[in-house]
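Atoms within a ligand are numbered from 1 in the order they appear, just like the ligands themselves.
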Amino acid sequence: MSNHTWAQIALLQRFVEAPLVTNQVELSLAHHHLINDGIMGNQTGTEYAGAAGTLDWCRLHGVMIQAWAPLAKGRLIDPPADASEPVRRAAAAVASLAVARGIAREAVALAWLLHHPAGILPIIGTLNPGRLAACCEADAIELTREEWFALFEAARGRPVP
Ligand SMILES: NC(=O)c1ccc[n+]([C@@H]2O[C@H](COP(=O)([O-])OP(=O)(O)OC[C@H]3O[C@@H](n4cnc5c(N)ncnc54)[C@H](OP(=O)(O)O)[C@@H]3O)[C@@H](O)[C@H]2O)c1
């Protein structure tokens, strides 16, 4: 499945015999609604992203989350001149941590997804060998909680509640 809410998966599962085992969704530091929704429950003024509960429900029911555009099509690595302010902030935080840890920026952005306890599987799209190698560096690093939340807060543009 792709881009399904938890309710759509549950509804579909009522009518098909094959177990529904994956949900491929856009997810990255530049598009973090599924993760952000988990910390914004019962908050005033929350932007509606239509993702509420989907990450938790998928974890509870053994549906793997596959993250498409995990590098925001390269915008998290080299933000273009017209990149939005949130993407610029996230890319700057990624670049800063990459320098501090001595690893590729691609690896930092992917490690942010891999560190999440949901077992998120990033689906990278590059066909460039050098970029592929940079992405693979993500397997060799473990972000600290402080590093993970610093990236998240930079991408959100405000602290977590
Ligand atoms: N289910 C869905 O609705 C949906 C939607 C979109 C995509 N997808 C799937 O998800 C896969 C990944 O999505 P994506 O391609 O958007 O993922 P991505 O890994 O975020 O972006 C990869 C794209 O960004 C470019 N890029 C530019 N600078 C880059 C850098 N420094 N590092 C890595 N890539 C850079 C790549 O070009 P180069 O090849 O030149 O590096 C490539 O075109 C796709 O192949 C597709 O199968 C699914």
key: Backbone of Ala72 reached by a side-chain donor or acceptor of Arg75 within 3.5 Å   =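 At least one qualifying donor-acceptor pair exists.
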task = Please confirm whether the backbone N or O of Ser2 pairs with a side-chain atom of His4, one donor and one acceptor, at under 3.5 Å?
result =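 Yes, because the side chain of His4 sits within donor-acceptor range (under 3.5 Å) of the backbone of Ser2.
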query = If two hydrophobic side chains count as joined below 4.5 Å and joins carry through other members, does Trp57 share a cluster with Val25?
reply =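 Cluster IDs for Trp57 and Val25 differ.
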ask   = Does Val160 share a hydrophobic cluster with Trp112, counting links as ILVMFWY side-chain heavy atoms below 4.5 Å and allowing steps through other members?
value =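 Yes: a chain of side-chain contacts under 4.5 Å links Val160 to Trp112.
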Among all protein heavy atoms in this structure, tell me which lies nearest to [atom], with the distance rounded to 0.1 Å.
| atom | result |
| --- | --- |
| atom 13 (O) of ligand 1 | Ala69 N, 3.3 Å |
| atom 12 (C) of ligand 1 | Ile123 O, 2.9 Å |
| atom 2 (C) of ligand 1 | Trp68 NE1, 3.3 Å |
| atom 19 (O) of ligand 1 | Gly125 N, 3.0 Å |
| atom 48 (C) of ligand 1 | Gln24 OE1, 3.1 Å |
| atom 31 (N) of ligand 1 | Glu106 OE2, 3.1 Å |

Kindly state if [atom] has a protein heavy atom within a strict 4.0 Å cut-off, that is, under 4.0 Å?
| atom | result |
| --- | --- |
| atom 9 (C) of ligand 1 | yes |
| atom 43 (O) of ligand 1 | no |
| atom 46 (C) of ligand 1 | no |
| atom 34 (N) of ligand 1 | yes |

So do the side chains of [X] and [Y] get within less than 4.5 Å of each other, counting heavy atoms only?
| X | Y | value |
| --- | --- | --- |
| Glu137 | Glu106 | no |
| Ile65 | Leu121 | no |
| Trp6 | Leu55 | no |
| Leu27 | His31 | no |

First locate atom [atom1] of [X], then atom [atom2] of [Y], and finally report the distance between them rounded to the nearest 0.5 Å.
| X | Y | atom1 | atom2 | answer |
| --- | --- | --- | --- | --- |
| Ile9 | Leu20 | CD1 | CG | 7.5 Å |
| Asp37 | Asp56 | CG | CG | 9.5 Å |
| Thr5 | Leu11 | OG1 | CG | 9.0 Å |

key: Options Asn23, Ile77, Thr126, ranked by nearest heavy atom to atom 22 (C) of ligand 1, top entry   =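 Nearest option to atom 22 (C) of ligand 1, by heavy atoms: Thr126.
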query = Can you tell which of Arg105, Arg75, Arg131 gets a heavy atom nearest to atom 30 (C) of ligand 1?
reply =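 Of the listed residues, Arg131 has the closest heavy atom.
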Where ligand 1 meets [X] - atom numbers and elements under 4.0 angstrom, heavy-atom basis:
| X | result |
| --- | --- |
| Ser2 | 1 (N), 2 (C), 3 (O) |
| Pro70 | 17 (O), 18 (P), 19 (O), 20 (O) |
| Leu71 | 20 (O), 32 (N), 33 (C) |
| Ile124 | 12 (C), 19 (O) |

inquiry  = Tell me the contacting part of Asn3 for ligand 1: side chain, backbone, both, or neither, using a 4.0 Å heavy-atom threshold, strictly below.
reply    =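 It is the side chain that touches ligand 1; the backbone stays farther off.
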query = When you look for heavy atoms under 4.0 Å from ligand 1, do you find them on the side chain of Lys73, its backbone, both, or neither?
reply =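 Contact part for Lys73 vs ligand 1: both backbone and side chain.
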request  = Ignoring angles and geometry beyond distance, decide whether Ala72 reaches within less than 3.5 Å of ligand 1 through its nitrogen or oxygen atoms.
outcome  =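 The answer is yes, given that Ala72 and ligand 1 share an N or O pair closer than 3.5 Å.
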inquiry  = Please verify the inter-ring angle class for Trp148 with His116; under 30° counts as parallel, over 60° as perpendicular, anything in between as tilted.
reply    =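 It falls in the tilted class, 30° to 60°.
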